[in-house]
Amino acid sequence: MASRRDFIRNIGAGLAASSAASEALAQSVAQGAQAGSKRSGSEALLVDNPFHPAPAPLGVDRLPLAWYKKQAATLRERAAARGVDAVVLGTDDNIVYFTGCFRGSGERSTWVVLPTASGNAANETVYWYSPGIDRDLIQSWWCTENEYYFCYPHAEGGFPNRGQLKRGNRVDLWEWMLQGLRKRGYDGKTIGLEGEMSSARAATFARVLPGAKFVDISDLALKMRIAKTPEEIALTLRAYRYFDRIHAFARDYILEHGTNATDYQIGQALSQFGINLLMAEVKRDGKPHSAVGIDVTGNYVRTGVATAYPHPNQFFHSKVQRGQ
């Protein structure tokens with residue numbers, strides 16, 4: 001059987017050999033860790049800290065929906081204590097954190113509405129206002145109702161997916177969402193928003209919901225995201241175990257290839273190894289909502305002048321030099 005060093009050496013022998021060697025090495029490392037075998041290479045330098053809590057076990061690859069519902073219920077309760085009737089989330093960080101639906105909005109604005117009425121049934125309610133492109137992703141997760149626009153920019157009445165081809169006025173999506181709140185009876189109520197509104201948005205808010213007022217609840221959401229629960233800590237520790245192994249692999253790679261390697265090569269090699277390492281242990285079925293929140297990137301591996309800048313903006317493709 002080939003040694004760990006043989007695998008690492010072969011990673012520089014071309015794309016096909018690189019992929020095969022990386023996958024084989026990742027499988028070997030993963031299986032060795034599960035079996036409790038002795039660490040080899042630079043991994044032997046890793047030291048276990050007995051004071052760390054236990055990482056999430058294999059099979060726990062993401063936080064369960066029940067966890068997100070509990071966090072959302074806590075946010076509703078704390079917002080209700082400020083007189084809020086409905087929390088409106090519009091930032092990706094908060095939407096993902098309080099619903100568990102992993103997706104990014106980009107220029108296609110998305111809002112999640114969490115009513116704060118008492119009772120278990122109300123605490124399970126989540127209304128989405130989203131782009132049509134993510135309709136199935138959202139509705140296959142935690143979704144009471146989803147009202148969607150076609151895309152950004154959205155023309156009034158234009159839904160090609162429904163066979164409605166129209167040239168209409170461009171829809172103000174902020175106003176469109178507020179109209180949705182009005183239809184749900186929230187005019188005259190208190191709306192919890194993330195931060196202060198711009199003057200233009202405040203004017204639209206006053207026009208569409210003249211009897212309503214808003215309260216800034218951004219501090220409530222931020223405090224909950226900062227103070228980690230035991231489940232978050234356990235999952236983070238599991239992620240760091242992979243992080244440790246990837247760094248050990250990078251050290252072995254640099255020791256093997258030395259000044260013949262570029263920072264780009266090192267980054268690509270550790271990214272490939274890391275992805276294969278995770279995928280050897282993460283349960284997935286190819287469908288939405290499994291194997292989420294995973295990213296292993298070598299884009300930040302750099303050597304030479306670029307290391308002097310916290311946020312360098314150049315492409316990294318420099319050979320490693322002695323002392324660097």
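Only heavy atoms go into these numbers, but all of them, side chains included; no hydrogens, no water, no symmetry mates.
From Q179, atom CD reaches atom CG of D187 across 12.0 Å, with rounding to the nearest 0.5 Å. Note: N146 CG to Y127 OH = 12.5 Å, rounded to the nearest 0.5 Å. Note that OG of S109 is 10.0 Å distant from CH2 of W174, once rounded to the nearest 0.5 Å. Interatomic distance, W141 CH2 to D134 CG, rounded to the nearest 0.5 Å: 15.0 Å. Of the inter-residue distances, the one linking S130 atom OG with Q139 atom CD reads 7.5 Å to the nearest 0.5 angstrom. For the atom pair I217 CD1 and T190 OG1, the distance stands at 13.0 Å (nearest 0.5 Å).
The shortest heavy-atom contact between F98 and W142 is O-CZ3, 3.5 Å. Across all non-hydrogen atoms, the minimal contact from D263 to R302 is OD2-CA, 3.5 Å. For the residue pair D252 and S42, the shortest heavy atom distance occurs at OD1-OG, 2.5 Å. Contact record, L89 with L114: CD1-CD1, 4.1 Å, taken as the closest heavy-atom pair. Pairing each heavy atom of E147 with each of W176, the nearest pair is O-CH2, 3.3 Å. Between R76 and N123 the shortest heavy-atom distance is NH2-O, 2.9 Å.
Taking the six-membered ring for Trp and thresholds of 30 and 60 degrees, F243 and Y240 have ring planes more than 60 degrees apart, a perpendicular arrangement.
Atom NE2 of H247 sits in a sparse spot, with 12 or fewer heavy atoms from other residues, nucleotides or ligands closer than 6.0 Å. Heavy-atom neighbours of K228 NZ from other residues, nucleotides or ligands within 6.0 Å: above the threshold of 12.
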Show the numbers, then the answer: is there a side-chain hydrogen bond (donor to acceptor under 3.5 Å, both in side chains) between D295 and T297?
CA-CA 6 Å; D295 184 30; T297 176; 5.4 Å; no
Step by step, work out the salt bridge (Lys or Arg N to Asp or Glu O under 4.0 Å) result for E281 and R241.
CA-CA 12 Å; E281 298 184 340; R241 294 296 182 269; over 6 Å; no
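A centroid separation of less than 6.0 Å is found between the aromatic rings of H154 and F159.
Proximity of a side-chain donor or acceptor of T259 to a complementary backbone N or O of Q321 within less than 3.5 Å is not detected. Put simply, the side chain of E194 gets close to the backbone of G90: a donor and an acceptor are under 3.5 Å apart. Within the 3.5 Å criterion, the main-chain N or O of V282 finds no donor-acceptor partner in the side chain of D61. Listed for the T116 side chain is a donor-acceptor partner under 3.5 Å among the backbone atoms of D85.
Side chain to side chain, W67 and T229 meet the donor-acceptor criterion of an N or O pair below 3.5 Å.
Taking 4.0 Å as the cut-off between side-chain N and carboxylate O, D219 and R78 do not count as a salt-bridged pair. One finds no salt bridge joining K70 and E231 here, because no Lys/Arg side-chain nitrogen approaches an Asp/Glu carboxylate oxygen to under 4.0 Å.
E175 is not listed as a side-chain neighbour of L178, based on a closest heavy-atom distance of 4.5 Å or more. Put simply, the side chain of F214 does not reach to within 4.5 Å of the side chain of R201, judged on heavy atoms. Counting only heavy atoms from C-beta outward, the side chains of L220 and R82 approach each other to under 4.5 Å.
V113 pairs in a side chain to side chain contact (heavy atoms under 4.5 Å, CB included) with only one of the listed residues (T144, I191, V88), which is V88.
A continuous path of hydrophobic side-chain contacts links L235 to Y97 [ILVMFWY only; heavy atoms under 4.5 Å]. Residues Y242 and V301 share a hydrophobic cluster, clusters being chains of Ile/Leu/Val/Met/Phe/Trp/Tyr side chains in contact below 4.5 Å. By the criterion of side-chain heavy atoms lying less than 4.5 angstrom apart, applied directly or through intervening Ile, Leu, Val, Met, Phe, Trp or Tyr residues, V208 is not grouped with V87; the two fall into different hydrophobic clusters.
Within the structure, every pair that satisfies the salt bridge (charged side-chain N to carboxylate O under 4.0 Å, His left out) test and touches residues 91-101, not counting sequence neighbours, is listed here: D93-R225.
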